[in-house]
Structure formats: C-alpha cells, structure tokens
Visitor: 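The structure's right below; bear with me while I get my questions together.
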Amino acid sequence: MPKISVRQRQLIRREALSPEECDRASQLIARRLTQLPEYLAARTVALYSPIRNEVDISALLPAALGAGKRVVFPRVRDAEIDFLVVTSLAQLLPGRFGVAEPLAGEVVAVAQIDLLVVPGVAFDGSGHRLGYGKGYYDRVLARLKKQTAVGVAYRVQLVDALPTEEHDQRLNVLVTEETIQRFPD
Ligand code: ADP
Ligand code: MG
C-alpha cells in the first residue's frame, strides 16, 4: 500500500480517538517515557506540541525542568525545524500548520539534543515512521548521531510494515500506552 493511503487511513484512526482516550493514553506514554534510562540521562530533551490528536507529552515540560533538564520545542523554518529553548508552555503560540511553537528563544543545535521525542502518523515494528509527508523529522533524524530518537504513539497508530524510501529514518525506541519497543541499529 502506498504511503499516501497508509497516511490517510492512519490519520482517520487517530482522529477518531476521543479526547478522553487521547488524554489517558498520553499520560501513560509520558510516564513510560520518563522512565527510560535515556530520558533520565538526557540533559537536553526535545518535546513537541500536538496537533490533530497527536500524543500529548507537552505536559512533561515542568517535570523535565524540575529535573534540571533543558527543554526545546520545534519551530518550522522553511524546510527545516529549529529547536528553541522553552521554559513555559505559555511561550508556545500557533505558528505554521497551526502547531504551537516558541515565538522566540535560544536556538539549540540538533547535535545538542540528547533525547528527541518524535511524533508521527504511523509506526511499524522495525522502527519506521510515517509523518505528514513533508519529511521534516526525517531531515532532523538524519543528523542525529549517538542521541536517542523516541517515537510516541497510540496503539492504533501501529501497523505491520510501513512502505519506506531511502531517506526515511528509523527510531531507536517507540513508546505506546502499552509497550516500549527498542530497535537495534
Ligand atoms: P514523512 O516522513 O513526513 O512521512 P516522506 O518520508 O514521504 O514524509 O518525505 C517527504 C519528502 O521529504 C520526500 O520527498 C523527501 O525527498 C524529503 N526528505 C526526507 N528526508 C530528507 C533528507 N534527509 N534530505 C532531503 N530531503 C528529504
Ligand atoms: Mg519519511
């Protein structure tokens, strides 16, 4: 099945979830995420603001700051994403694509991000990920070296095997409300 069909079908599945289902699962996912050794060890963590029923882990911000971490959120600039330091969710305002983004703040290089939390439309059992079709996170993931990329997803977003292309990047870990999967290199 081509990417576009999987994307359509999986977006419909995710958007059919109720706010209560999303909240409940997002809380479980956030809890699992914060128990990962890579999260505990991370100095700089990249979160994101959810749209269209994406898993919401943005509420981790205060706890991460309290644990002494630096937290960055994405801001779209042309074909790239910049990551800016955020110290309060109030600093996030709707930008391109309706995503709440930091308006201002220190830009942190991708090389400085220890743990990158990655949203997506669909994920498979090999660490592959499908986004909205613009490749933003593929371009960021391609620049990671030893850092950890953690996908977060509801169980309904999991599929058997995603169609992939050369440029598609894999995740290191995938956290759902029910499971933690690790993908060796
Ligand atoms: P998504 O990952 O958002 O589902 P795709 O994987 O279909 O989207 O990628 C969308 C576009 O992004 C592709 O046409 C691809 O050429 C471009 N792209 C992805 N990764 C890179 C990269 N590392 N460098 C340049 N272009 C890229
Ligand atoms: Mg891709």
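Only a predicted model underlies this, so the values are computations on that prediction, with no experimental measurement involved. Counting starts at 1 for both ligands and their atoms, following the listed order. Note: hydrogens, waters and symmetry copies are ignored here, and every other heavy atom, side chains too, is used.
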Visitor: Using a 6.0 Å cut-off, check whether atom CZ of R24 has over 12 heavy atoms from anything other than its own residue.
Guide: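 At most 12 heavy atoms, drawn from other residues, nucleotides or ligands, come within 6.0 Å of this atom.
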Visitor: Hey, is K3 close enough to D168 for a salt bridge, meaning N to O under 4.0 Å?
Guide: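 Here K3 pairs with D168 in a salt bridge, since their nearest N and O are under 4.0 Å apart.
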Visitor: Count up the protein N, O or S atoms sitting under 2.8 Å from the Mg ion (ligand 2), would you?
Guide: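 With waters ignored, the protein N/O/S count below 2.8 Å is 2.
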Visitor: For D138, take its heavy atoms, then give the atoms of ligand 1 lying under 4.0 Å from any of them.
Guide: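 Those atoms are 2 (O), 6 (O), 19 (C), 20 (N).
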Visitor: Which ligand 1 atoms are under 4.0 Å away from a heavy-atom of D168?
Guide: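 Every atom of ligand 1 under 4.0 Å from some heavy atom of D168: 2 (O), 6 (O).
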Visitor: Tracing side-chain links under 4.5 Å among I, L, V, M, F, W and Y, which residues wind up in one group with L130?
Guide: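 L130 clusters with M1, V6, V159, L162.
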Visitor: Checking side chain to side chain contact (heavy atoms under 4.5 Å, CB included) between I180 and each of L33, V150, L36, which is the one that passes?
Guide: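 That would be L36.
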Visitor: Atoms of ligand 1 less than 4.0 Å from Y132 heavy atoms?
Guide: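 Within the 4.0 Å cut-off of Y132, ligand 1 contributes 3 (O).
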Visitor: Would you mind telling me which of V117, L174, V118, L47 makes a side chain to side chain contact (heavy atoms under 4.5 Å, CB included) with V152?
Guide: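 For V152, the side chain to side chain contact (heavy atoms under 4.5 Å, CB included) check succeeds only for V117.
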Visitor: Numbering the atoms of ligand 1 from 1, which are under 4.0 Å from a heavy atom of G133?
Guide: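 Within the 4.0 Å cut-off of G133, ligand 1 contributes 1 (P), 3 (O), 4 (O), 8 (O), 10 (C).
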Visitor: So, is Y136 polar-close to ligand 1, with some N/O to N/O distance under 3.5 Å?
Guide: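 In fact, backbone or side chain, Y136 has no N or O that close.
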Visitor: Heavy-atom contact check, 4.0 Å cutoff: does Q169 meet ligand 1?
Guide: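 Heavy atoms of Q169 never come under 4.0 Å of ligand 1.
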Visitor: For atom 19 (C) of ligand 1, grab the closest protein heavy atom and report residue, atom and distance to one decimal in Å.
Guide: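 Residue, atom and distance for the closest contact: H167 CD2, 3.2 Å.
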Visitor: Under a 4.0 angstrom heavy-atom cut-off, which atoms of ligand 1 come close to K3?
Guide: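 Near K3, meaning under 4.0 Å from one of its heavy atoms, ligand 1 has 5 (P), 6 (O), 7 (O).
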Visitor: Has R139 got its NZ or CZ under 6.0 Å from the middle of the six-membered ring of Y137, at an angle within 45 degrees of the ring axis?
Guide: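 No; the conditions do not both hold, so R139 does not lie above the ring face of Y137.
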Visitor: Measure the CG-OG1 distance between L158 and T176 for me, rounded to the nearest 0.5 Å.
Guide: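 If we round to the nearest 0.5 Å, L158:CG and T176:OG1 are 6.0 Å apart.
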Visitor: Indicate yes or no: does E21 engage R14 in a salt bridge with an N to O separation below 4.0 Å.
Guide: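 Judged by the 4.0 Å cut-off on N to carboxylate O distance, E21 and R14 do not form a salt bridge.
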Visitor: List in chain and number order the residues that pass side chain to side chain donor-acceptor pair (under 3.5 Å) with Q10, two or more places apart in sequence or in another chain; answer none if no residue qualifies.
Guide: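 Only R13 meet the side chain to side chain donor-acceptor pair (under 3.5 Å) criterion with Q10.
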Visitor: Output yes when the distance from some N or O of ligand 1 to some N or O of G135 is under 3.5 Å, and no in every other case.
Guide: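 Yes; the residue has a nitrogen or oxygen that sits under 3.5 Å from a nitrogen or oxygen of the ligand.
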Visitor: At their closest point, which heavy atom of C22 faces which heavy atom of Y154, and how far apart are they?
Guide: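 The answer is CB-OH, 3.4 Å.
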Visitor: Kindly write out the residues that satisfy salt bridge (Lys or Arg N to Asp or Glu O under 4.0 Å) with R77, not counting sequence neighbours, or none if the list is empty.
Guide: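 For R77, the residues satisfying salt bridge (Lys or Arg N to Asp or Glu O under 4.0 Å) (neighbours in sequence not counted) are D82.
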Visitor: Under 4.0 Å from a heavy atom of R139: which atoms of ligand 1 are those, numbered in the order shown and with their elements?
Guide: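 The list of qualifying atoms is 12 (O), 17 (C), 18 (N), 20 (N), 21 (C), 22 (C), 23 (N), 24 (N), 26 (N), 27 (C).
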